[in-house]
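Working notes, beginning with the structure itself.
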Amino acid sequence: MDANLFDNLNTAQRQAVEVKDGPVLVIAGPGSGKTRVLTSRVAWLLEVRQVYPYRIMAVTFTNKAAREMRDRLNRMVGAARANDLMLGTFHSICARILRREAPLIGVDRDFTIYDADDQLNVVKAALSELNLDEKKYKPGAVHHAISTSKNELIWPEDYKPDTYFNEIVRRVYEKYNAILRANNALDFDDLLTEAVRLLRQNQTVRDRMQERYLHVLVDEFQDTNIAQYALINLIAGRHRNLFCVGDPDQSIYKWRGADYRNANRLSDDHPDLSVIALDQNYRSTQTILDSAMAVIRKNPNRRHIKLFTEHGQGAKVVVRELFNADEEAQYVVDTINELVSQQAAQAGDIAVMYRTNAQSRAIEDAFVRAGMPYKLVGATRFYARKEVKDVLAYLRIVNNPADSISLQRIVNVPPRGIGEKTFATLDEIARANGMTGLEVLKQGKLSGRSAKALGEFSTLWQQWVRLRDELNVGQLFDHVLNTSGYREFIQDGTEEGADRWANVQELRTVAEASGDAPLSDFLSDVALVSESDNLEETANAPVLLTLHAAKGLEFRCVFIVGMEDGILPHSRSFDDPEEMAEERRLLYVGITRAKERLYLLRAFRRGTYGPSEVTNPSRFLDDLPAGLLDGKSRKNAALQADVTRWKGSAAAPLSSYNLTTEFKAGDRVYHQKFGEGIVQRSIRQRDDEEVEVYFDDGKIKRLSAGISGLKKL
DNA sequence: CTTGCTACTCTTTTT
DNA sequence: GAGTAGCAAG
C-alpha cells in the first residue's frame with residue numbers, strides 16, 4: 001500500500017509528503033507536482049497515520065481540482081475513505097458549514113447565494129433606496145469597494161471612509177448587507193466572511209471545528225485572500241497542522257483580493273513553520289523553462305528560483321507576427337493541423353490561451369471555418385446565460401420566497417402585466433413589514449389594474465412552494481416550467497428560441513442528476529461551479545481558454561495569442577507596477593503550461609471595437625533571449641512575417657515602399673472619435689503609416705493613417 | 001404595460 | 001460592433 005502512495009514521487013517530494021506535523025509551507029515551482037504532493041499527503045495521513053477522513057480538510061482552488069483529487073484518492077485509499085473527507089473550494093466548504101449553522105448568522109437554511117450579477121442588482125437596489133445616482137456612483141465600482149472590504153474582513157461598522165466616495169461606499173455597504181439579509185441571501189464574499197465571523201464569535205462552534213480538524217491542507221496558497229487566511233488559521237488553531245502549497249510567482253488573482261504576502265504572514269504567525277522548496281520541473285522542456293524564467297526574473301521582490309528539468313532542450317519557442325486577429329487565428333488552426341498530421345501531438349493535447357475573453361471569438365471563427373471541433377472554457381458561461389439564470393430564479397423563489405432579487409428577475413418573464421411599478425409597490429410593502437413577497441401576495445393587499453395578474457402569479461407560486469418537498473428537483477423543474485408559461489415563452493419557433501430551449505434542457509439534466517437531494521443543495525452547487533468545470537476530458541479537441549483559467553492545467557502544445565502591449569500586458573496595468581508584475585506572472589503561468597511546444601503570436605493590427613489599429617509588440621517579448629526563439633523577439637519583428645499574407649490587405653504593393661509619410665510632426669489633424677490634435681510623429685509601417693497624435697483632451701493615440709480616417713486640417 | 005427605437009457604454013481576469 | 005439602458009409611442 002505504501003508503494004502505491006508514493007508512486008512516481010522523488011525523494012524531495014516524498015520528504016514533503018512525510019513532513020512532521022505542525023505548520024508547513026511548500027513553495028514549489030510550476031510543474032513540480034504540487035497537487036500530487038498534496039494529494040499524497042492526504043493519502044499518507046489516512047493510510048499510514050491512520051487519521052479518520054472526517055478529521056481532514058483539504059482546500060482546492062476549483063471544484064474541478066477537488067473532483068480530481070477525490071478521484072485520485074478513491075484509487076489510492078478507496079471510496080469509503082475518500083468520500084468522508086472535507087474536500088472542496090473555500091466557498092463550497094464555507095457554504096456547507098454555514099448551511100448547517102445558518103440560524104447563528106441570521107439567515108435560514110435555505111439561504112440563496114448571490115453571484116456577481118445578483119450582487120450588482122443588490123447594489124443598484126441599495127443606491128436607489130438611498131436616493132443616490134447610479135451615474136455618479138457606478139454600481140460596479142461601489143460593489144468592487146464593498147467586495148474588497150469583505151475580503152479584508154472589514155465590516156460596515158469598521159469601515160473608515162477616507163474620501164467622499166468611500167463615505168458613500170460605507171452607506172451603500174450597510175444598506176447592501178441589510179438587503180441581503182432581508183432576502184435571506186449571502187453573497188460570494190459573505191460565505192467567507194460570515195464563516196470567519198461565526199468562528200470568531202461563537203466559542204462552541206469554534207471549539208467543535210478546531211477539535212475536529214486535525215489536519216488542514218491548502219492548495220494554490222498564493223491566491224488566498226485575507227479572509228481565507230484568517231479562516232484556515234482559525235480552523236487549524238488548535239492542532240496547528242496547516243499544510244500549504246503554493247508558488248508566489250503564479251499569483252494572478254490580486255484583483256480578487258488574493259494576497260501573496262500571506263506567505264510572509266504564515267511565517268510571522270508561525271515561528272516554527274517548516275518551509276520546503278521544490279524546484280525540479282516534471283512538465284516542460286528546458287527551453288520552455290528558460291523562457292519562463294527569463295520573463296519572471298524581471299519582477300522585483302521575488303525569491304530567486306532556478307527551475308530545472310531532465311527533459312532536455314526541446315523545440316525552440318515559435319514567435320510570429322501575423323497581420324491581424326483573423327490571420328493570427330488562421331495561423332493557429334493551420335499549425336494545429338500540421339502538428340496533428342505530423343503526429344507531433346493529438347488535438348486534445350493543444351491549448352490556445354488569451355488574455356481577454358473577447359479574443360476567443362476570432363479563434364472560434366477560424367475553427368468553425370476549418371470545420372474543426374474545439375472546447376471553449378468560460379466566455380459566455382453557461383450559467384450566465386439569460387434563460388439559465390431565469391429558470392434558476394424561478395427555482396430560487398420557490399426555495400427561498402424572501403429572494404426579491406430573483407423575484408424581480410422573473411415576475412414579468414414571460415410578460416404577465418406585472419411591470420416595474422407594480423413590482424416596486426409589492427417590494428416596498430414587503431420591506432416595510434418584514435414580509436416575503438409571497439406573504440404579501442397571499443394577503444392580496446394590492447389592488448388596482450394589476451391585482452388580477454398578481455393573484456394568478458400568487459396562486460402559481462404558492463402551488464410551487466407546496467410541491468417543493470413532494471417532488472424531486474427534476475420533477476419540480478418540469479412542473480415550474482410548464483405552469484409558469486416560461487416554456488412557451490422560450491419556444492417561440494425561432495432558431496434562437498430552439499438554442500435557448502436546448503440550454504434549458506441541459507440545465508434540466510443537471511437538475512435531474514441531483515436525484516432526491518434537497519432543492520437548496522442543487523441551487524448551492526450550481527451557484528459555486530467554476531469556469532473550468534465544464535472541461536470534460538473526453539473530447540479530443542483543442543481547448544480555448546483564458547490565461548487565468550489555465551492555472552493548474554498542462555498541455556503538450558500551447559499557443560498564446562495577442563502578445564501585444566495593451567492586451568498582454570493589459571492596458572489597465574500600465575500605470576501600476578504591482579499590476580504590471582501580475583501581468584508578467586500571468587504570462588509566466590501561460591508559458592509554464594506547455595510541455596513541449598510553445599507559440600507566442602501577435603497581430604500587427606487589432607480592432608478592439610471600431611476600426612483596427614496598429615499595435616505594439618508586447619514588452620515581455622523583449623525579455624526572451626534570442627537563442628531560445630524561432631523568429632525575432634521584437635525588433636524588426638514585422639520582417640519575419642510571411643510576406644504573402646500581407647498582400648491585398650491594404651493600399652500599396654510592397655515595391656512601392658518608401659519612407660515618405662502623409663502626416664508630419666506638428667500637423668493639425670482631426671479624428672472622428674477623438675477630435676482635434678497635433679501629430680507627434682508619423683512612421684512608415686509596411687503598407688501603412690502609423691501616426692502618433694496628441695489630442696486636445698490630453699489623450700495620446702497611435703493611429704493608422706489608412707484606416708482611422710485621420711484628416712489634415 | 002409593452003414594444004420598438006435610439007444612444008451609449010463597454011472589455012480585463014472569476015470563486 | 002454589440003448588448004442594454006432609457007425613452008417615446010401605442
Side-chain angles (χ1 to χ4, degrees), chain A residues 59-66 88-95 113-117 119-120 124 134-135 138-140 144 147 150-151 186-192 219-220 223-225 227-228 251-258 353-362 377-381 383-386 411-424 448-450 452-454 524-533 545-552 562 566-574 576 579-580 582-583 585-587 589-590 606-612 673:
Chain A
V59 189
T60 57
F61 194 72
T62 62
N63 289 303
K64 179 167 173 274
T89 62
F90 274 108
H91 287 84
S92 71
I93 287 174
C94 287
I113 299 168
Y114 279 172
D115 66 15
D117 222 41
Q119 290 175 47
L120 220 52
K124 285 176 188 167
E134 275 189 26
K135 295 252 167 55
K138 293 233 158 62
H144 183 255
S147 178
K150 286 193 177 183
N151 284 326
L186 300 177
D187 70 12
F188 263 150
D189 306 313
D190 282 340
L191 293 177
L192 305 172
D219 201 2
E220 306 283 11
D223 281 319
T224 52
N225 62 32
Q228 291 164 338
S251 171
I252 54 174
Y253 283 94
K254 179 175 177 285
W255 51 275
R256 213 172 67 186
M353 300 175 188
Y354 34 81
R355 178 63 179 80
T356 66
N357 281 307
Q359 289 171 261
S360 75
R361 188 161 176 171
V377 177
T380 39
R381 294 137 64 210
Y383 288 102
R385 301 204 122 101
K386 208 189 298 164
V411 71
N412 203 31
V413 182
R416 314 186 156 86
I418 306 174
E420 230 172 284
K421 262 233 167 75
T422 311
F423 174 79
R449 266 202 306 262
S450 48
K452 186 161 165 277
L454 285 170
S524 208
D525 288 350
V526 158
L528 298 171
V529 290
S530 59
E531 288 287 306
S532 55
D533 276 357
L545 73 181
T546 63
L547 288 160
H548 282 90
K551 173 156 123 153
I567 304 267
L568 183 62
H570 196 273
S571 51
R572 300 274 272 244
S573 69
F574 282 172
D576 181 348
E579 283 184 41
M580 184 56 78
E582 183 144 311
E583 296 291 306
R585 291 195 291 270
L586 200 49
L587 177 59
V589 168
R606 189 179 297 275
T608 33
Y609 28 81
S612 75
K673 197 165 154 196

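The sequence lines fix the lettering, A, B, ..., with proteins before strands; numbering per chain opens at 1. Everything numeric here is computed off the predicted structure, so don't read it as measured data.
Here Asn412(A) reaches the OP1 or OP2 of dT2(B): one of its side-chain N or O atoms lies under 4.0 Å away. Asn151(A) has no side-chain polar atom (N or O) that falls below the 4.0 Å cut-off from OP1 or OP2 of dT15(B). In terms of phosphate contacts, Thr546(A) brings a side-chain nitrogen or oxygen within less than 4.0 Å of OP1 or OP2 of dT14(B).
The nearest heavy atom of DNA chain B to Gly417(A) and to Glu582(A) marks one nucleotide each, and the one closer to the 5' end goes with Gly417(A). Comparing Ile418(A) and Ala358(A), the nucleotide of DNA chain B nearest to each residue sits closer to the 5' end for Ile418(A).
Between the NE2 atom of His548(A) and the C1' atom of dT14(B) there is a distance of 8 Å, given to the nearest Å. Following rounding to the nearest Å, Phe423(A) (CZ) and dT2(B) (C1') show an atom-to-atom distance of 18 Å. Rounding to whole angstrom units, NE2 of residue His144(A) and P of dT11(B) are separated by 13 Å. Rounded to whole Å, atom P of dT4(C) lies 13 Å from atom CG of Leu120(A).
With both ends at atom P, the span from dT4(C) to dT13(B) equals 16 Å, rounded to whole Å. dG6(C) and dT11(B) are spaced 22 Å apart, taking the C1' atom of each and rounding to whole Å.
Nucleic acid contact for Glu220(A): none, since no nucleic acid atom lies under 4.0 Å from a heavy atom of the residue. Contact annotation for Thr422(A): backbone-only contact, meaning every heavy-atom pair under 4.0 Å involves sugar-phosphate atoms and none involves a base. Heavy atoms of Arg585(A) sit nowhere under 4.0 angstrom from any nucleic acid atom.
Remark: ring of Trp255(A) stacked against base of dT13(B); centroid gap under 5.5 Å, plane tilt under 30°.
Side-chain contact check for Thr546(A) versus Asn357(A): some heavy-atom pair is nearer than 4.5 Å.
In this structure a side-chain-to-backbone donor-acceptor pair under 3.5 Å is missing from Asp187(A) to Ile113(A). The closest donor-acceptor contact from the side chain of Glu582(A) to the backbone of Lys254(A) lies under 3.5 Å. Looking at Asn151(A), its side chain does come within 3.5 Å of a backbone N or O of Arg256(A) through a donor-acceptor pair.
Note: Tyr253(A) and Phe61(A) have tilted aromatic rings, judged against thresholds of 30 and 60 degrees for the angle between ring planes.
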